[in-house]
Amino acid sequence: MANGDKVLGQFTQSFEEEKKASGRRLKVGIIGTGWIAEAHIESYKQMDDVDIVAAADLIPGKAEAFMKRYGVEGVHFYPSHKEMIDNEQLDAVSICTYNTQHAVPTIYALEHGVNVLLEKPFTVTLDEAVEVCRAEKKSGKILSIGFQPRVDVNMQMIKKIVESGELGKIYYIQTGGGRRRGIPNSTFIEKSTGGIGALGDIGCYSLDMVLNAIGYPKPLTVSGYKSDFFGTNPATQHPDRFHTAEENARRFSVDDFAAAFVRLEGDIILDFRIAWAMNINTPGDTIILGTKAGLRIPSTDCWNGTVGGEMTLYHDVAGVPTEEKIPILKNPDDKGLFYHKVRSFLDAVLNDLPAPVPTSQILYNQAIIDGICRSAECGHELAIEIPEI
């Protein structure tokens with residue numbers, strides 16, 4: 001393993017030097033300068049082959065204040081994504097808008113030949129996701145979805161364990177997680193801007209963790225449930241600098257808890273639950289059951305991008321039921337998962353590589369989220385039908 005790390009390090013160093021020698025600099029724009037855009041600009045500022053040349057935000061003066069706070073000069077500012085894309089020669093954009101505005105600027109950027117790093121969730125509805133995928137296919141540009149847990153070595157270990165065949169045939173998965181008290185505010189909690197609540201905000205991560213590990217099989221049916229008991233209650237809401245707890249409770253119009261029973265292609269059952277708030281510390285660890293072994297993945301407090309502790313492999317050794325601990329792995333550097341998410345996207349742009357987190361996979365993730373919402377609203381199981389792209 002040590003020798004493999006050494007070889008990988010030498011390759012990475014050589015690759016970085018090759019990029020620097022090429023002298024190509026990427027012109028990047030940011031659409032939406034709210035909270036999540038902070039992690040994007042902090043990542044871009046660490047890269048010596050990136051120029052942040054433009055920013056767009058609907059709120060007058062917000063983008064200017066944002067760039068001033070981060071000490072980025074020479075930026076052109078625009079009141080909309082259209083004006084920015086129409087007036088700039090951009091290699092790529094980070095789309096950091098609120099959820100219900102993910103699809104429109106993404107489609108516009110792709111149609112105008114700009115590569116896109118789109119923050120999660122992919123979209124709010126499956127129909128939107130399909131439209132985006134069609135625009136991506138027609139454009140030939142790179143669209144990657146912002147799932148930074150993908151670059152965590154512990155998450156990657158889950159996929160390696162499944163792909164090794166150690167678990168045998170996978171037949172049942174339990175996943176989810178959430179927070180005892182952790183309702184966000186801002187644009188997250190209103191249907192007009194967030195569209196979906198905990199389900200899209202952190203539920204998409206837990207779905208991706210297990211679906212990516214098992215190769216993203218197609219979802220077939222879903223029976224879903226969602227509720228808003230905590231978000232609409234002033235006693236379990238909290239104030240922010242613009243609203244009182246009572247006002248935030250009145251504004252709240254998305255889910256703070258969701259659960260589902262999903263059937264996947266390959267005769268696999270997915271038992272899912274996610275929460276921004278609940279009267280328990282966790283709705284349960286992630287469990288992947290196979291015919292040869294089972295894997296337990298400890299839950300986290302708030303979905304911070306990695307696993308919640310040592311994983312446990314349950315299997316038989318010489319006919320004896322045995323438990324084997326899988327130690328926590330350390331990521332290769334201290335730059336953080338977000339940096340590597342952004343860097344992997346830019347490397348794909350520079351070197352004409354596939355998108356690090358492709359829409360062909362996240363379309364299924366979005367189909368499940370959309371199916372949970374529709375099933376919860378009608379009160380019964382639904383078939384998941386995904387149009388051709």
Side-chain angles (χ1 to χ4, degrees), residues 99 119-124 129 145-159 161-162 170 172-180 182-184 188 194-217 219 222-227 254-264 268-278 280-289 294-309 311-312 337-338 341 357 361-373 375-376 384:
N99 297 347
E119 262 308 321
K120 60 80 191 167
F122 185 0
T123 54
V124 171
I145 312 302
F147 284 71
Q148 61 270 15
R150 285 280 191 105
V151 299
D152 174 62
V153 291
N154 297 286
M155 292 291 190
Q156 292 169 357
M157 177 57 74
I158 298 168
K159 186 173 177 65
I161 290 169
V162 172
I170 306 301
Y172 173 85
I173 297 172
Q174 170 186 299
T175 195
R179 311 159 183 165
R180 185 166 183 178
I183 300 172
F188 286 93
I196 43 181
L199 183 54
D201 180 37
I202 52 178
C204 65
Y205 281 146
S206 58
L207 288 171
D208 186 66
M209 175 176 69
V210 293
L211 294 173
N212 183 50
I214 64 174
Y216 258 100
V222 59
S223 182
Y225 169 85
K226 59 180 181 175
S227 60
V254 293
D255 57 278
D256 59 38
F257 175 83
F261 191 80
V262 185
R263 295 183 183 276
L264 305 172
I268 302 171
I269 295 301
L270 175 61
D271 184 356
F272 166 79
R273 70 293 304 264
I274 199 75
W276 272 342
M278 55 188 168
I280 200 168
N281 63 329
T282 174
D285 294 340
T286 290
I287 297 169
I288 303 177
L289 294 182
L295 182 67
R296 180 185 294 276
I297 306 159
S299 62
T300 64
D301 290 335
C302 64
W303 267 99
N304 60 0
T306 187
V307 299
M311 296 184 283
T312 305
L337 302 182
F338 219 100
K341 173 180 80 173
V357 183
Q361 295 177 349
I362 310 306
L363 181 64
Y364 286 179
N365 188 303
Q366 196 66 45
I368 291 173
I369 291 173
D370 181 85
I372 292 170
C373 290
S375 173
I384 296 178

### Message
For a 4.5 angstrom cut-off between non-hydrogen side-chain atoms, does Ile158 reach Val307?
### Response
yes
### Side-chain touch Ser206/Thr286, heavy atoms, less than 4.5 angstrom
no
### Backbone N/O of Asn212 and side chain of Gln361: donor-acceptor pair under 3.5 Å
no
### Query
Is any side-chain heavy atom of Ile288 closer than 4.5 Å to a side-chain heavy atom of Ile161?
no
### Query
Nearest 0.5 Å, what's the CG-CD1 distance between Leu289 and Ile173?
9.0 Å
## Note on the structure
Residues passing the side chain to side chain contact (heavy atoms under 4.5 Å, CB included) test with Leu337, sequence neighbours excluded, are Gln148, Val151, Asp152, Asn331
### Task
Identify, with sequence neighbours excluded, every residue that meets ring-ring contact (aromatic ring centres under 6.0 Å, His included) alongside Phe257.
none
### Summary
Rounded to the nearest 0.5 Å, the OG1 atom of Thr175 sits from the CG atom of Asp271 at a distance of 9.5 Å
### Summary
Applying salt bridge (Lys or Arg N to Asp or Glu O under 4.0 Å) to Arg296 and not counting sequence neighbours gives Asp285
### Query
Hey, does Tyr364 have a side-chain heavy atom less than 4.5 Å from the side chain of Leu211?
no
### Query
In a check of side-chain contact (heavy atoms from CB on, under 4.5 Å) between Lys226 and each of Ile274, Ile196, Asp255, Asp256, which one passes?
Asp255
### Task
Any chance you could measure Leu270, atom CG, to Tyr172, atom OH, to the nearest 0.5 Å?
8.5 Å
## Note on the structure
The ring-ring contact (aromatic ring centres under 6.0 Å, His included) partners of Tyr216 (sequence neighbours excluded) come to none
### Query
For the side chain of Asn154 and the backbone of Thr306, is there at least one donor-acceptor N/O pair under 3.5 Å apart?
no
### Query
Looking at residues at least two apart in the chain, or sitting in another chain, which of them share a ring-ring contact (aromatic ring centres under 6.0 Å, His included) with Phe272?
none
### Query
Which heavy atom in Pro121 sits nearest to a heavy atom in Gly200, and how many Å separate them?
CB-O, 3.6 Å
### Query
With a 4.5 Å heavy-atom cut-off, do Met209 and Met155 have their side chains touching?
yes
### Query
With a 4.5 Å heavy-atom cut-off, do Trp276 and Val254 have their side chains touching?
yes
### Task
Look up atom CG in Leu363 and atom CZ in Phe122, then write down how far apart they are to the nearest 0.5 Å.
6.5 Å
### Task
Any chance you could measure Arg273, atom CZ, to Thr282, atom OG1, to the nearest 0.5 Å?
8.5 Å
### Query
Which atom pair, heavy atoms only, marks the closest approach of Asn365 to Cys204?
ND2-O, 3.1 Å
### Contact summary for Met278 and Pro283, nearest pair of heavy atoms
CE-CD, 3.2 Å
## Note on the structure
What one should report as the nearest heavy-atom pair of Tyr205 and Pro149 is CE2-CD, 3.7 Å
### Task
Only counting residues at least two apart or in another chain, list the ones meeting side chain to side chain contact (heavy atoms under 4.5 Å, CB included) with Asp370.
Thr125, Leu126, Arg374
### Query
Considering only heavy atoms from C-beta outward, does the side chain of Pro219 approach that of Arg263 to under 4.5 Å?
no
### Query
Side chain of Gln366, backbone of Val124: donor and acceptor closer than 3.5 Å?
yes
### Message
Can you give me the closest heavy-atom contact between Leu199 and Cys373, atom names plus distance?
### Response
CD2-SG, 3.5 Å
### Message
Rounded at 0.5 Å granularity, tell me how far CG in Leu264 sits from CD1 in Ile170.
### Response
11.5 Å
### Salt-bridge present (Lys120, Asp201; N to O < 4.0 Å)
yes
### Closest heavy-atom pair and its distance - Leu295, Met311
CD1-CB, 4.2 Å
